[in-house]
2 protein chains.
Amino acid sequence: MIRTKVKLTYITNDSSRKATYKKRKKGLMEKVSELSTYCGIDTCAIMRSPYDSQPEVWPSLLRFEQVLSKFKMILKMEQRKNMVNQERFLSQRIVKVVEQIKKH
Amino acid sequence: MIRTKVKLTYITNDSSRKATYKKRKKGLMEKVSELSTYCGIDTCAIMRSPYDSQPEVWPSLLRFEQVLSKFKMILKMEQRKNMVNQERFLSQRIVKVVEQIKKH
DNA sequence: TCCTCTATTTTTAGGTA
DNA sequence: CTACCTAAAAATAGAGG
């Protein structure tokens with residue numbers, strides 16, 4: 001009856017693994033939903049498994065696609081901004097080096 | 001000193017919200033990683049926030065892209081299979097109806 | 001198989017350094 | 001701001017129907 005602390009390894013027993021998957025899927029989806037509420041942010045999640053006939057999606061397949069594509073867009077924008085910043089940094093360095101050279 | 005049960009609403013206090021975000025981000029990433037180990041499945045997660053300079057990715061940006069594109073491919077395949085199944089179902093229905101008609 | 005129960009572990013909100 | 005602490009809440013492994 002005593003519940004032992006489980007080791008973090010693959011669950012070989014089929015039914016245990018399925019039970020754990022179902023419980024943790026529920027838990028994970030709840031966490032995703034809570035984070036959205038607590039922090040006022042867009043979140044989405046999608047999971048499929050041999051144990052479910054349909055993929056589990058939060059909050060909806062449409063929102064999933066929307067959140068993900070917005071996310072990708074922002075990542076690209078940020079990368080571009082980073083590159084611009086690096087370019088600016090580099091050109092400032094060049095200006096400084098050129099000034100150094102002129103002094104001598 | 002008594003900790004009250006928190007309501008599931010947006011956290012208006014900036015520093016509390018940030019603290020909660022950071023803690024829950026860590027928790028969420030751990031859950032995603034655990035699910036992968038326990039159930040032997042591909043998982044991935046990505047999060048960005050005004051509180052982090054870089055997006056948090058699990059297990060890596062490359063794996064994130066790979067897992068997601070594989071996921072999308074599987075979803076498409078399943079949709080196609082469903083359509084084929086529906087077509088087969090419909091054509092079987094038609095065969096039956098035609099047989100019914102022939103009998104009369 | 002699927003649900004429910006519950007002891008135990010795990011997470012975490014709020015406090016302090 | 002960050003890091004640690006801890007009581008309390010929440011998640012969940014395993015058992016039982």
Side-chain angles (χ1 to χ4, degrees), chain A residues 1-60 63-64 67 71 74-75 78 81-82 85 89, chain B residues 1-60 63-64 67 71 74 78 81-82 85:
Chain A
M1 196 87 158
I2 288 168
R3 183 180 150 197
T4 53
K5 191 172 159 181
V6 293
K7 274 194 282 184
L8 185 59
T9 61
Y10 176 66
I11 300 164
T12 49
N13 181 280
D14 280 5
S15 53
S16 304
R17 192 171 63 256
K18 177 177 178 176
T20 286
Y21 178 83
K22 286 203 76 179
K23 284 177 183 180
R24 283 175 175 266
K25 176 179 78 175
K26 188 170 169 284
L28 208 40
M29 288 299 187
E30 242 149 45
K31 293 281 183 194
V32 168
S33 142
E34 284 168 11
L35 192 65
S36 180
T37 304
Y38 284 133
C39 299
I41 57 179
D42 286 335
T43 63
C44 67
I46 192 161
M47 302 172 73
R48 62 173 287 284
S49 80
Y51 318 122
D52 302 298
S53 59
Q54 290 295 315
E56 181 95 6
V57 193
W58 195 92
S60 71
R63 281 303 291 154
F64 178 83
V67 171
F71 191 96
I74 290 170
L75 282 190
E78 285 177 349
K81 206 166 67 182
N82 274 348
N85 283 345
F89 174 75
Chain B
M1 196 88 157
I2 289 168
R3 184 180 149 195
T4 53
K5 192 173 160 178
V6 292
K7 275 195 280 185
L8 186 58
T9 60
Y10 177 69
I11 301 164
T12 48
N13 181 282
D14 279 3
S15 53
S16 304
R17 193 170 63 258
K18 176 179 177 175
T20 285
Y21 178 84
K22 285 204 76 178
K23 285 177 183 180
R24 283 176 173 266
K25 178 180 76 175
K26 188 169 168 285
L28 207 41
M29 288 300 186
E30 243 149 45
K31 293 279 183 196
V32 168
S33 144
E34 284 168 11
L35 191 66
S36 180
T37 303
Y38 284 133
C39 300
I41 57 178
D42 286 335
T43 62
C44 65
I46 192 161
M47 303 173 71
R48 60 173 289 285
S49 80
Y51 317 122
D52 301 298
S53 59
Q54 290 296 313
E56 182 94 6
V57 194
W58 194 93
S60 70
R63 282 302 292 152
F64 179 82
V67 171
F71 190 97
I74 290 170
E78 284 176 350
K81 207 166 67 183
N82 274 349
N85 283 345

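Atom set for the values below is all heavy atoms of this structure, side chains included, hydrogens, waters and symmetry mates excluded. Just so it is clear: chains get the letters A, B, ... in the order the sequence lines come, proteins before strands, and each one is counted from 1.
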*Asks:* Specify the residue among A:Tyr51 and B:Tyr21 whose closest nucleotide of DNA chain C lies further upstream toward the 5′ end.
*Replies:* A:Tyr51

*Asks:* Could you check how far NZ of A:Lys23 sits from P of D:dA11, rounded to whole Å?
*Replies:* 13 Å

*Asks:* Applying a 4.0 Å non-hydrogen cut-off, can you work out what A:Lys31 is touching in the nucleic acid: base, sugar-phosphate, or nothing?
*Replies:* sugar-phosphate

*Asks:* Between B:Tyr38 and B:Ser15, name the one whose nearest nucleotide on DNA chain D is closer to the 5' end.
*Replies:* B:Ser15

*Asks:* So do the side chains of A:Leu8 and B:Tyr38 get within less than 4.5 Å of each other, counting heavy atoms only?
*Replies:* yes

*Asks:* Side chain of B:Lys22: nearest nucleotide among D:dT2, C:dC3, D:dA11?
*Replies:* D:dT2

*Asks:* Categorize B:Ser16 for me: base, sugar-phosphate, or nothing, with a 4.0 angstrom heavy-atom threshold over every strand shown.
*Replies:* nothing

*Asks:* What is the distance from CG of B:Asp52 to P of D:dT2, rounded to the nearest Å?
*Replies:* 9 Å

*Asks:* Taking the side chain as every heavy atom from C-beta outward, state whether A:Leu35 and B:Met47 have any atom pair closer than 4.5 Å.
*Replies:* yes

*Asks:* Regarding B:Arg63 and B:Asp42, does a basic nitrogen lie under 4.0 Å from an acidic carboxylate oxygen?
*Replies:* yes

*Asks:* What's the closest nucleotide to the side chain of B:Arg24 if the choices are C:dT1, D:dC1, C:dT12?
*Replies:* C:dT12

*Asks:* Which nucleotide, C:dT11, D:dT2, C:dC2, lies nearest any side-chain atom of B:Glu34?
*Replies:* C:dT11

*Asks:* Find the distance A:Lys25:NZ to C:dC2:C1' and express it as a whole number of Å.
*Replies:* 13 Å

*Asks:* Between C:dA13, C:dC2, D:dT2, which one does the side chain of A:Lys18 approach most closely?
*Replies:* C:dC2

*Asks:* Which whole-number value in Å describes the distance from B:Leu8 CG to D:dA10 P?
*Replies:* 10 Å

*Asks:* Please give, in whole Å, the distance from D:dA11 P to B:Leu28 CG?
*Replies:* 12 Å

*Asks:* Send over the distance from A:Glu30 CD to C:dT12 P, rounded to a whole Å.
*Replies:* 12 Å

*Asks:* Would you say B:Trp58 and B:Leu28 make side-chain contact, with heavy atoms under 4.5 Å?
*Replies:* no

*Asks:* When only distance counts, do a donor and an acceptor, one from the side chain of A:Lys26 and one from the base of D:dA11, lie under 3.5 Å apart?
*Replies:* no

*Asks:* Show the numbers, then the answer: is there a side-chain contact (heavy atoms from CB on, under 4.5 Å) between A:Lys22 and A:Lys26?
*Replies:* CA-CA 6 Å; A:Lys22 286 203 76 179; A:Lys26 188 170 169 284; over 6 Å; no

*Asks:* A:Arg17 CZ to D:dG14 P: how many Å, rounded?
*Replies:* 14 Å

*Asks:* Send over the distance from B:Asn13 CG to C:dG15 C1', rounded to a whole Å.
*Replies:* 14 Å

